[in-house]
Amino acid sequence: MRFDRAVWSSLPGIMAAGYMQELLHDRANRFTSALDAAGIPYAVCGGMAVMAWITAANPDYVRNTKDVDVCLRRSDLERVTESVRPHGFVHAEVNGVHMFLDGPDGTPKHAVHVVFAGERPSTWSAAEVPDLGEGVRDGAFPWARVDLLRLLVMKLLADRMHDRTHLADLWRSGAIDRAWADRLPEPLRPRFLELIDACEREYGGSEH
């Protein structure tokens, strides 16, 4: 199932938004099922992993996301490329970011973005992305996802506005609390505690 502009433009607003989320989940399922069939280790990360962890903690705080991010080992990249090709995914590198376009005419917005385990995502990053570890599978979603500690590290390393929003959502859902700081790499602890302080000031005990 790939993006069809004619279908999208024919739908009322709320249904068009639902169509985009349906495409997103289908893209994740097709990509990860190919990796599962090939026995290639991976873990979904990014916004979809945040969605899964919040769903497990308190689904009242789930929000939609816009893309699929998957953590892989760089040494597996060639095997991944061969395994997902029959499912229509095409490997590309755009502005230094490895991704798999959904079809030869796919765009970076409609792609699976790769995060390499054990590497610094950029030269100015405070630490490396954690090793892949064992992906979490609890039956709620058909794919393996990064464990919560690894997800926190990735979000703190990226530190964009939407990453901070994801961390705030995890806190508000009860999935994380201040005590998680002790489990983080030392360079990331001040950033995490600053965000928790902001959440407590902004939201306090509010359920809204």
Would a single hydrophobic cluster contain both [Y] and [X], if residues Ile, Leu, Val, Met, Phe, Trp and Tyr are joined by side-chain heavy-atom contacts under 4.5 Å?
X	Y	value
Ile40	Val112	yes
Val50	Leu149	yes
Leu157	Leu167	yes
Ile14	Leu23	yes
Val97	Val84	no

Could you tell me the separation between the [atom1] atom of [X] and the [atom2] atom of [Y], rounded to the nearest 0.5 Å?
X	Y	atom1	atom2	value
Asp169	Ser173	CG	OG	7.5 Å
Asn29	His87	CG	NE2	12.0 Å
Leu24	Asn64	CG	CG	8.5 Å
Met48	Thr65	CE	OG1	7.5 Å
Phe100	Leu72	CZ	CG	7.0 Å

For residues [X] and [Y], determine if any side-chain heavy atom of one lies less than 4.5 Å from a side-chain heavy atom of the other.
X	Y	result
Val68	His113	no
Pro142	Thr32	no
Arg63	Met51	no
Asp147	Leu151	no
Glu119	Arg73	no
His110	Met99	no

Assess whether atom [atom1] of [X] is packed by more than 12 heavy atoms of other residues, nucleotides or ligands within 6.0 Å.
X	atom1	answer
Glu194	CD	no
Glu134	CD	no
Glu93	CD	yes

Give the minimum heavy-atom separation between [X] and [Y], together with the two atoms involved.
X	Y	result
Ala158	Asp163	CB-OD2, 3.2 Å
Ile176	Leu148	CG2-CD2, 3.9 Å
Val90	Gly103	CG2-C, 4.0 Å
Val153	Pro185	CG2-CD, 3.7 Å
Met154	Cys71	CE-SG, 3.7 Å
Gly106	Leu101	O-CD1, 3.7 Å

- Message: For Val70 and Val115: C-alpha separation, side-chain torsions, deciding distance, then whether side chain to side chain contact (heavy atoms under 4.5 Å, CB included) applies.
- Response: CA-CA 6 Å; Val70 176; Val115 177; over 6 Å; no

- Task: Evaluate side chain to side chain contact (heavy atoms under 4.5 Å, CB included) for Val80 paired with Leu35, printing each intermediate quantity in order.
- Result: CA-CA 7 Å; Val80 171; Leu35 301 187; 3.8 Å; yes

- Message: Applying side chain to side chain contact (heavy atoms under 4.5 Å, CB included) to Leu184 and Arg189, what does each step give before you reach the verdict?
- Response: CA-CA 6 Å; Leu184 292 167; Arg189 291 176 192 171; 4.1 Å; yes

Counting distance only, does the side-chain N/O of [X] pair as donor-acceptor with the main-chain N or O of [Y] below 3.5 Å?
X	Y	result
Arg74	Gly118	no
His91	Leu77	no
Arg191	Leu156	yes

Salt-bridge contact [X]-[Y] (side-chain N to carboxylate O under 4.0 Å):
X	Y	result
Arg164	Asp159	yes
Arg30	Asp26	yes
Arg27	Asp67	no
Glu82	Arg85	yes

- Message: Pair Leu152, Leu170 - check side chain to side chain contact (heavy atoms under 4.5 Å, CB included), show working.
- Response: CA-CA 9 Å; Leu152 295 186; Leu170 286 163; 4.0 Å; yes

- Under the salt bridge (charged side-chain N to carboxylate O under 4.0 Å, His left out) criterion, do Asp102 and Lys109 qualify, and how do the steps go? CA-CA 10 Å; Asp102 198 354; Lys109 286 290 185 184; over 6 Å; no

- Query: Without hydrogens or angle criteria, can the side chains of Tyr42 and Asp76 be said to hold a donor-acceptor pair below 3.5 Å?
  - Reply: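 No.
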
- Message: Between Trp171 and Asp177, do the side chains contain a donor N or O and an acceptor N or O under 3.5 Å apart?
- Response: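 The answer is no; no qualifying pair exists.
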
- Task: Kindly indicate, with the supporting measurements, whether the criterion ring-ring contact (aromatic ring centres under 6.0 Å, His included) is fulfilled by Phe116 and His98.
- Result: CA-CA 9 Å; Phe116 287 118; His98 287 266; 5.2 Å; yes

- Flag this pair as yes if the NZ/CZ of Arg145 is under 6.0 angstrom from the six-membered ring centre of Trp53 and inside a 45 degree cone about the axis; otherwise no.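 Yes, cation above the ring, under 6.0 Å and within 45°.
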
